[in-house]
Amino acid sequence: MKLHPMKSKKYLLSSYYLSKISDKDEYVVTDPILYEEIKKYLPSAKINLEPIYKVSREEFSNENNLQKKLYEKYIYLISERLNEIHSTNYPLQFWEKIIGLEVLMHIHHCRSMYALIKQKEDRNYELYTLPPKHFRIPENNDEYRKLTQHSQIGYEQLLTIFFLNQDENIRNFDFRENSKNSKKETTGLLNKIRNKSIKQLFIILCRRILTKIFKLIVSPSTLLVETIFSDQNYIKLMLISFGKVQILNNINYKYLETSIEPSKRVIISKKINDGDEFDNYFFQSLYFFSPKTWIENFTFINKYYENNVNSFVNLKTIISESSSESAQFFSARASITNIQTHYNEHNLLQHYLMGNIIWFLNRRYDKYLSLGWTDKSYDVLPVGSLYKWKSKRKKNKNIKILFISSVASNKSPFHSSMYGEQGMYNSKAYFKMTENFLSNLKTKYLKEVYFRGHPHVKDNRYSDYAISDNYYLKSHLDKVNTVDYSTKNNAVDLISKCEIVVINYLSTPWVQSLLANVPTVIIWNEETYFLDDDYLDYFEELIANNIVFKKGEDAARFLNKIYMNPNKWWLSNDVQKARSNFLKSNFMENEKLSSYILDISKK
């Protein structure tokens, strides 16, 4: 993409410059939602919608391999520079625990912007860009993720950075922050407990009381750091180990308000020897995108977590699945004192997908505890999970068809097929697949659908990130029985009181539904969820038994056939065998992880 005089077309990346649009100029966009937004704002606007580029499997694989190589190259250089900035000599793994995930994400975001620029570099487009004085520098890792993935300004900054000092004709407009991006997160105690039953509140209270008691009388040997096990399992582990296993949450430091230190940011962002255009672009962007917790506030925070770790005098093992900055800092400090750090696999399967990050997690942790699968290519220990995967089936099933939906967006956190509904092409393909399902389901059955939408779709905090389901599906959602985006009803409980489950993405719910042994239809978009080369037959048996479908319309037609008696199909020997075989290969009963944790707590 080149910069041209004012007579050329203007390329718009986002809606931040909506107020600048005039019917005297001609505009170009790639995002179909942005196109509609502009048309709504100014119906007379002259605007062209360019086609979205579809990435082939081969291109995706090549890009995945490239980004992995870039990570291995960049993480070493950035760690060296951080040691230089702070006059320290910490090993690579220490820094990798703190900054690794964000470096991996930033490579992806820079590569995405770089690809967009290169795709359009021969076009006669004029650009709107942000003056650096209006850039937003993230305070911490969590804010970095919000900036790059959950807001529009992050990519506006990345676009501007590529052209910094390259052309004086870039038109700079002062950035005025949109009020919807300024909202603070409000997750008070009342919001956390108001949707809990009396029984759930009692169990939570018991867990908290036990945690406080054991913290006072026992120094733990094993800490569960920001895990998401069920409260019953937490209580069981603490009681059986008599406090040698304890929980550690909410280990955040007090917020620091500091100014940036340019001299330090020059070090982290300097060009590398023999670097190519992308190398230079990536490192230049670190001046503005490196969180303050890496640079300005590092010394204070590092000391805070050093003291925190040292307060656990008998600690030998940490188990965590959290990607929060607090958990990463705690884990980094623990590794300095030779405390073992174990990663317990989060509540989704990813090993079968191209672009999974198991290689990355294995670099950062001493052991990887899988949900139950094994693979000679990965060094993992199959022990299962203590997450709440299912609830007891309700006798009265008041939901006929439960449709569990994801949240689609134009940006994914990093380059991986785990995010089959995220990215400009992926999101459009996801909605098309869903629309094909809903439009082919018989009208009388559509009226029985309970559409469980992802809560983020209606959450104002994600308004610049989540694509509204109504944009593509409104005419169909108007016909269903229920549309629910609340946080009150979770998927596990809804699955326990429905007759049929339909799921259109590959995250937690499809495994929950199979474990609950509820008639389940899974729609897998093979154009966006690329299978790893070693797992091309991963869904073969499930497809053969009509559990997994590649097309939404095929899933709907099958559901039309079995709607009146789904159990006749689901409880057949072949279907139950397929379900059982899949779970045995991928998932392990919870007791194995409990036993493992209790065993290491005795050492």
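Here, residue 1 is the first one in the sequence, and each next residue gets the next number.
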To the nearest 0.5 Å, tell me how far [X] [atom1] sits from [Y] [atom2].
X: Ser151; Y: Tyr465; atom1: OG; atom2: OH; answer: 12.0 Å
X: Tyr90; Y: His86; atom1: OH; atom2: NE2; answer: 9.5 Å
X: Ile99; Y: Ile268; atom1: CD1; atom2: CD1; answer: 6.5 Å
X: Ile295; Y: Ile260; atom1: CD1; atom2: CD1; answer: 9.0 Å
X: Ile107; Y: Tyr74; atom1: CD1; atom2: OH; answer: 6.5 Å
X: Ile319; Y: Ile600; atom1: CD1; atom2: CD1; answer: 4.0 Å

> Where do Trp95 and Phe298 land on the ring pair (Phe, Tyr, Trp, His ring centres under 6.0 Å) test, with the steps shown first?
Replying inline: CA-CA 11 Å; Trp95 289 113; Phe298 172 79; 4.9 Å; yes
Below 4.5 Å, heavy atoms only, C-beta onward: do [X] and [Y] meet side chain to side chain?
X: Arg364; Y: Gln328; result: yes
X: Asp599; Y: Tyr596; result: no
X: Ile318; Y: Gln340; result: no
X: Leu371; Y: Met588; result: no
X: Asn344; Y: Phe229; result: yes
X: Leu593; Y: Leu369; result: yes

> Just wondering, are more than 12 heavy atoms of other shown residues or ligands nearer than 6.0 Å to NZ in Lys394?
Replying inline: yes
>> I'd like to know whether NZ of Lys388 has more than 12 heavy-atom contacts from other residues, nucleotides or ligands below 6.0 angstrom.
In response: yes
> Please walk me through it: do Leu223 and Phe330 pass side-chain contact (heavy atoms from CB on, under 4.5 Å)?
Replying inline: CA-CA 11 Å; Leu223 271 181; Phe330 190 90; 3.9 Å; yes
Donor-acceptor pair, side chain of [X] and main chain of [Y], under 3.5 angstrom:
X: Glu143; Y: Glu139; result: yes
X: Tyr144; Y: Ile137; result: no
X: Glu80; Y: Ile75; result: no
X: Thr508; Y: Asn347; result: yes
X: Ser285; Y: Phe282; result: yes
X: Arg452; Y: Ile404; result: no
X: Thr293; Y: Asn140; result: no
X: Ser496; Y: Asp493; result: yes
X: Tyr529; Y: Leu506; result: yes
X: His106; Y: Leu286; result: no

> Given the rule in the salt bridge (Lys or Arg N to Asp or Glu O under 4.0 Å) test, do Glu257 and Lys292 qualify, once you have shown the distances and angles that lead to the verdict?
Replying inline: CA-CA 10 Å; Glu257 188 161 349; Lys292 290 183 181 178; over 6 Å; no
> Stepwise, does the ring pair (Phe, Tyr, Trp, His ring centres under 6.0 Å) test hold for Tyr538 with His351?
Replying inline: CA-CA 11 Å; Tyr538 188 70; His351 62 286; 5.8 Å; yes
Can you see which heavy atom on [X] is nearest to which on [Y], and at what distance?
X: Ile495; Y: Ala516; result: CG2-CB, 3.9 Å
X: Val457; Y: Ser406; result: CG2-O, 4.3 Å
X: Gly100; Y: Phe360; result: C-CZ, 3.5 Å
X: Ser416; Y: Gly355; result: OG-O, 2.9 Å
X: Ile503; Y: Trp510; result: CD1-CA, 3.3 Å
X: Val218; Y: Gln246; result: O-NE2, 3.1 Å

>> Exactly one of Phe60, Tyr352, Tyr419, Tyr535 should register a ring pair (Phe, Tyr, Trp, His ring centres under 6.0 Å) with Phe530. Which one does?
In response: Phe60
> Do the rings of Tyr155 and His109 sit parallel, tilted or perpendicular, given the 30° and 60° boundaries?
Replying inline: perpendicular
> So Asn233 and Ser230, side chain to side chain donor-acceptor pair (under 3.5 Å) or not? Walk me through it.
Replying inline: CA-CA 5 Å; Asn233 280 313; Ser230 70; 2.8 Å; yes
>> Working note: His454 + Tyr485, criterion side-chain contact (heavy atoms from CB on, under 4.5 Å); need CA distance, chi angles, decisive distance, verdict.
In response: CA-CA 6 Å; His454 199 290; Tyr485 290 96; 5.7 Å; no
> So, Gln152 and Asp464: side-chain donor and acceptor under 3.5 Å apart, yes or no?
Replying inline: yes
>> When you compare the side chains of Glu102 and Asn141, does any donor N or O come within less than 3.5 Å of an acceptor on the partner?
In response: yes
> When you look at Asp279 and Lys73, which way does the salt bridge (Lys or Arg N to Asp or Glu O under 4.0 Å) test go after all the steps?
Replying inline: CA-CA 10 Å; Asp279 291 330; Lys73 174 182 177 182; 3.1 Å; yes
> Please, which pairs that meet salt bridge (Lys or Arg N to Asp or Glu O under 4.0 Å) have at least one residue in residues 258-268, sequence neighbours excluded?
Replying inline: Glu261-Lys264, Arg265-Glu296
> Hey, mind stepping through Leu386 and Ser594 against side-chain contact (heavy atoms from CB on, under 4.5 Å) and telling me if it holds?
Replying inline: CA-CA 8 Å; Leu386 296 176; Ser594 294; 3.3 Å; yes
> His108 and Phe414: ring pair (Phe, Tyr, Trp, His ring centres under 6.0 Å), yes or no, with the steps?
Replying inline: CA-CA 5 Å; His108 164 64; Phe414 43 82; 7.5 Å; no
> Within 45° of the axis and under 6.0 Å from the centre of the six-membered ring of Tyr365, does NZ or CZ of Lys97 qualify?
Replying inline: yes
>> Is the positively charged end of Arg81 above the ring of Phe283, judged by distance under 6.0 angstrom from the centroid and angle within 45° of the axis?
In response: yes
> Can Tyr368 and Glu345 be said to form a side chain to side chain donor-acceptor pair (under 3.5 Å), step by step?
Replying inline: CA-CA 7 Å; Tyr368 188 109; Glu345 192 163 43; 2.8 Å; yes
>> For Asn308 and Tyr304: C-alpha separation, side-chain torsions, deciding distance, then whether side-chain contact (heavy atoms from CB on, under 4.5 Å) applies.
In response: CA-CA 6 Å; Asn308 206 315; Tyr304 172 85; 3.9 Å; yes
>> Evaluate Trp524 against Phe539 for ring pair (Phe, Tyr, Trp, His ring centres under 6.0 Å), listing each step before the verdict.
In response: CA-CA 9 Å; Trp524 161 47; Phe539 289 121; 5.0 Å; yes
> Can you name the one residue among Ile203, Leu205, Ile204 that meets side chain to side chain contact (heavy atoms under 4.5 Å, CB included) with Arg207?
Replying inline: Ile204
